[in-house]
Every structure is written in structure tokens, then in C-alpha cells.
Amino acid sequence: MSDESSLSLARLLRETEGYLLPLSEPTADATVSTIDFDLDLKDCAPGAVVLLTRSPSSHVELEEICTRFAAATALVAAPGLHELLDEHGMRAEDEGLPSGPLLLECADGVTWAEVLIHLRQLVEGATSALAWPDIDDLAGLASVIANMTGASITIEDPQSRVLAHANRDGSIDEIRKETILTGAIPEWRIAQLEESGFLPAVRAATDVVERCASDGEPARSVLPLRSGGELLGTIWAAYGDGVDPASVREVLREAAGAARPVMLRTLRRSPFEKRVRREALMSILTGARNLAPLAAMLALPFRSHYVAVAIAGVQPQHEPAVRFHLRAAFADAALAPVPWQTMPDVRCMAVLVQTSSPLTPEEVRDRIARILNRAEDGEYGWLFSVGRVVGRLDQVKDSWDEAAYALQAAKVAETESRRCVASRVATPLARRGSRGMIATELESEILGLRVADTLGDALPEILRPAKVLVAHDQARQGQLFETLRIYFMTVGNSAEASRRLHVHANSLRNRLARIEELTGLSPFSRADRRWLELSLLVYERSPRSPVA
């Protein structure tokens, strides 16, 4: 841990290099105490860093802002302020800038949410208790507190959802067991705590709130975590008669300094910040060029062990359970729901797993399968895929590409399998238990999907036969597209294709002849067959396809 008890301006500049761009030179080092937006800010406290939501439009307005916030340590403007300075010849080396706070500018693409969270982490991290180890996740923090106090610990968000938990001796009361297993305090328990006045007292407190043991329930000590007056969450400690409440109280107070910066990173306290986090993760997964602000937003080191995972079918009501269990197993996992362009009916959860030691894709798959089955007690099975393990953040795109293609290939195979089952029995077979796939198990299928995507972009004319068949079917309520798809799926086995289509063999031959008449391509010619098969595959991969 650093021996600094506050954040210096010099350290802020070091920690935000490439993220915030200095437009003037600091006259001396200074202390940073608070991070504030300029909205409705009447009194600017010394040591404040003020975020200017409205950039000055003239040098006169800039001088007025510098005068208004003269006590501030620094002012941060949106991208573009340097153009105003250049226009008016206001350069630091020429002493053309107004005197007062240091001027900083956000780099292109950096949002206010990113700036606010990153600077808050720096401020809170600089004031952490010196005796605490450098813990970077809430699960580790809960474990340390449990070991120091002998109590059962949960760390919760302002809505009483469990973010992390730890228990040293294995004994746990029923309420706490239900809280941990469900990921939230039971509603009846919240109502009870509200009615007794304990929960309102916790929300209003700035220090440890204690509740004595009663009616078979252990004693509890609760510490609210605050940043800038805002309630970030709470740390709950439940303990028996052998634990000294005074020692628990002191440990919780000391833990607050270490917990705040981690909590700030863990919690995204508004829909806007959640969207920013989701977009940051997707930018990393899709290979953004400027990774520095994205990595800072998600607290991800450039070098580590990363593996991307794609989970299909996670509905909104299941997301909290999935997030809770995945983060319990992988403390540094980043998760976000993402849309599928080529599979609009599939809701997917993107997961970026970071581990301190390398795991094989098989090990990650097996662990996630156990986690997901536990999340819903095996009542519902999710299909997921695991990409390759990579060692750098700029290689994560390769892992995600593999995971995304593997999931799509597995989903297509599953759909075809269900169609085959449905053609033989009255109702499809139910799938129970989550199943994971890795890319090496689906190399042929993935290659076909990659080829289809490449051809669709490079050779639009390859879609012509499929479009002709779709237009015919829509105009005449026909089934030529589906007929050809089933025919190719059965590798040209006319008897099997007729059985799956529930038509006579002569009807199948008539349909194939009609396909040749409309497209000019014969399913029985090797070259024509290749074009027809690729055309159907590319069309099914198209977002505009009604049959995808």
C-alpha cells in the first residue's frame, strides 16, 4: 500500500495519462480532495477537481470559469477545449492561459462516467487504511474481514443485494444462509428490519450500527459505506457470543477505506453507467484500438489470463442469479447482455473471465457448467461456449470471436437436432442442465459460419438464389427454401428429406425441379449445388433473413 494519505495532483496526472490531457502546466503540486460536477456548484472547496459539463465557447467565458473556480485544483473539460486555446493563441508556454486551476481535457471517446468513476477510485484509494492489504475485489475483502473478526460477512449494495460473502467457521444462521443462497436479503426480512427501524438507521448512519443477539439470532454489526455523502452499500457482520463487538466495530471502520474504491468499481449506480460499462466490455471484445480508458473503466490489467464466454438464453429475470454465481467463482469477471445481429431470437450474456493463473478452456467450461446449474438448481439449462485463453487485453477479441462463433454453431446444431426430434415424436425433448462448448469441438461448423460471413460481405451476388426462393415462398406460401435446406441437411438423401418434410418422394422431386427452374441452378450439379448451399447459409446468417 502507498503511504499517501491523500491524492496529489502529480499522482492524478500519472494515473490518468492518456485519459486526461493537460492543457496547462501546474505551478506546484497540490492535494485533490473531492470530485465535483460544475452543475449547481456554488462554493468550490480547495482541492476540488471540477468536471465542466458545458465547455467554454470563448476565451472570455474560459476566464470567467477559471475565476469562478479559482480555489479548485483542476478543471476538466470535454474534448475540444484545446481547439479554442489554439484559436486564441492561448498556450501554456506563452503564458496566455488564465491563472488559476490546472486545465485538463478528456481524450476523445472518454465519457464523464468513466472520468467520474476513475477519479473517485483514485481519491478513495489514496485514503485507504494503511494497515490493510491491497485487495482488489469484494470477495477478497469479505474474506479478510471474516478472518480478522471471526464473523460471517456479507457486503451488500444499497438495494440489499449480496455482492460478496465470507464465513470462517462454517456455522451460519438460517436468515444469513437464505440471503447468501438467493443473493439478496429476503423481502420479509427487509420488511421486518424496516419496521423495527434498524434498516433506516443503517441507511442514515455514518458509523457502525449494532444489533444485539435476540430470539436465536446472532448479534450484527453493520457499516454503511459512503463516498461524497452517497451510500454505496453496507458491510454486515454476524457473530456469536465468543466474538467481541468492539473488535468487530474497529475492523469494520478500518475496512471502510479499503472497501470504498473497490465498491466504486463494482457498483454502477445508474442505468447510464451500466450502459457505459456494457459498451466498454463490448468494445474490448470487438477489438477497440484505444484500450486504456476501457481497461481503466473495468479495472482490467493489460497483461493477465483472459477467456471470453458467451451464454445463450439468459432472460432478464435470470441475470441477477447468473451474475452473482459467476462473480462468486470469478471475482474479476465482467458481464454484459449483448444482442445478436445474426441470431435476433437469442439473448446472449457476454462474460470476460480474468484469472490469476491460466486455466484451459475445458476447465473454464466445467466450472461455469457447475455454476450455472447451481444458479437455477438444474431446473433450466443454458447453452454456452468458451473461447481460447489469451494473455493480453488486446488479444481478447480472438477469444470472443471463437466463443461467439462456437455458440452460434452450437445453437444451429441444437436447432437442427430439435427439428429432427420433432419430426419423430409428438413433442420436443426438454433440455435440462447447462451445456458448454469449446471452439475446438466445433471447428468445422465455425469454419462454415466464417466462410458464410466473409462471402456475404465480399460477394453479395451469392444471395441471389436464396432471395429468389424466399420471394417465391412469400408470394405463394411455398416451402422451396425449407425443402432445399432439408435436402442439403440430409446430404442429398431423398428418402430421409421426404420423411422430414412429410411429403411423397415424387413431391420432393417436383420441388427440386421447380427450384432449378427458378434459380437456373441444379441441386444435382456439383458446382450449382455448392452455390445453392452457400447461398442458403449466407442468407440464414443475414440479419434481414426472416428464416434465420
Side-chain angles (χ1 to χ4, degrees), residues 340-346 383 405 408-431 442-548:
W340 285 102
Q341 290 185 344
T342 56
M343 301 174 68
D345 61 326
V346 177
L383 183 66
Y405 272 112
Q408 293 171 70
K411 192 69 178 177
V412 170
E414 180 187 70
T415 301
E416 298 298 350
S417 175
R418 287 180 177 273
R419 283 172 174 168
C420 293
V421 171
S423 69
R424 291 184 173 91
V425 298
T427 57
L429 296 176
R431 175 168 58 88
L442 298 163
E443 287 182 327
S444 298
E445 292 87 346
I446 291 174
L447 181 61
L449 297 180
R450 287 183 180 272
V451 168
D453 289 347
T454 302
L455 289 175
D457 294 335
L459 297 170
E461 61 269 26
I462 201 168
L463 286 167
R464 182 179 60 80
K467 288 181 176 180
V468 169
L469 297 180
V470 169
H472 172 275
D473 290 345
Q474 290 175 342
R476 294 175 172 78
Q477 296 184 336
Q479 289 187 304
L480 295 185
F481 187 101
E482 179 68 4
T483 296
L484 192 58
R485 193 186 65 79
I486 294 295
Y487 182 72
F488 287 150
M489 191 175 69
T490 58
V491 200
N493 186 328
S494 298
E496 177 65 13
S498 299
R499 191 188 63 75
R500 294 192 186 185
L501 290 165
H502 306 288
V503 299
H504 192 273
N506 289 337
S507 297
L508 175 62
R509 283 193 290 271
N510 291 336
R511 290 184 183 183
L512 294 176
R514 180 60 173 159
I515 289 171
E516 182 175 357
E517 178 183 341
L518 289 170
T519 64
L521 301 171
S522 171
F524 307 106
S525 165
R526 185 168 61 89
D528 290 355
R529 177 191 178 97
R530 183 182 300 120
W531 187 352
L532 285 169
E533 194 162 4
L534 287 172
S535 183
L536 264 62
L537 179 59
V538 172
Y539 190 87
E540 287 185 314
R541 297 284 296 163
S542 170
R544 60 182 173 276
S545 167
V547 296

Reported CD-to-CZ distance for the pair Gln474 and Phe481, which is rounded to 0.5 angstrom: 10.5 Å

Beyond-backbone contact of Leu501 with Tyr487, side-chain heavy atoms, under 4.5 angstrom: no

Side chain to side chain donor-acceptor pair (under 3.5 Å) partners of Arg509, counting only residues at least two apart: Asn506

Nearest-0.5 Å distance that lies between atom CG in Leu484 and atom CG in Leu508: 10.0 Å

Exceeds 12 heavy-atom contacts within 6.0 angstrom, atom CD of Gln477: no

Partners passing side chain to side chain contact (heavy atoms under 4.5 Å, CB included) against Val538 (at least two apart in sequence or in another chain): Ala452, Leu455, Ile462, Leu463

Spatial distance of atom CG (Leu449) from atom CG (Leu537) [nearest 0.5 Å]: 6.5 Å

For Arg514, all residues meeting salt bridge (charged side-chain N to carboxylate O under 4.0 Å, His left out), sequence neighbours excluded: Glu517

Nearest-0.5 Å distance, NE2 of residue His472 to CG of residue Leu480: 5.0 Å

Distance, nearest 0.5 Å, that separates CD1 of Ile486 from CZ of Arg500: 6.5 Å

Atom pair CG/CE of Leu536 and Met489 - distance to nearest 0.5 Å: 12.0 Å

Residue pairs passing the side-chain hydrogen bond (donor to acceptor under 3.5 Å, both in side chains) test where at least one lies in residues 520-537, sequence neighbours excluded: none

Close side-chain approach of Leu442 and Tyr405, heavy atoms under 4.5 Å: no

By side chain to side chain contact (heavy atoms under 4.5 Å, CB included) - contacts of Ala471 (at least two apart): none

Minimum heavy-atom distance between Pro465 and Leu532, given as atom pair plus value: CB-CD2, 3.8 Å

Pairing residues for Asn493 by the side chain to side chain contact (heavy atoms under 4.5 Å, CB included) criterion, not counting sequence neighbours: Thr490, Ala495, Glu496

Side-chain heavy-atom pair Val503, Gln479 within 4.5 angstrom cut-off: no

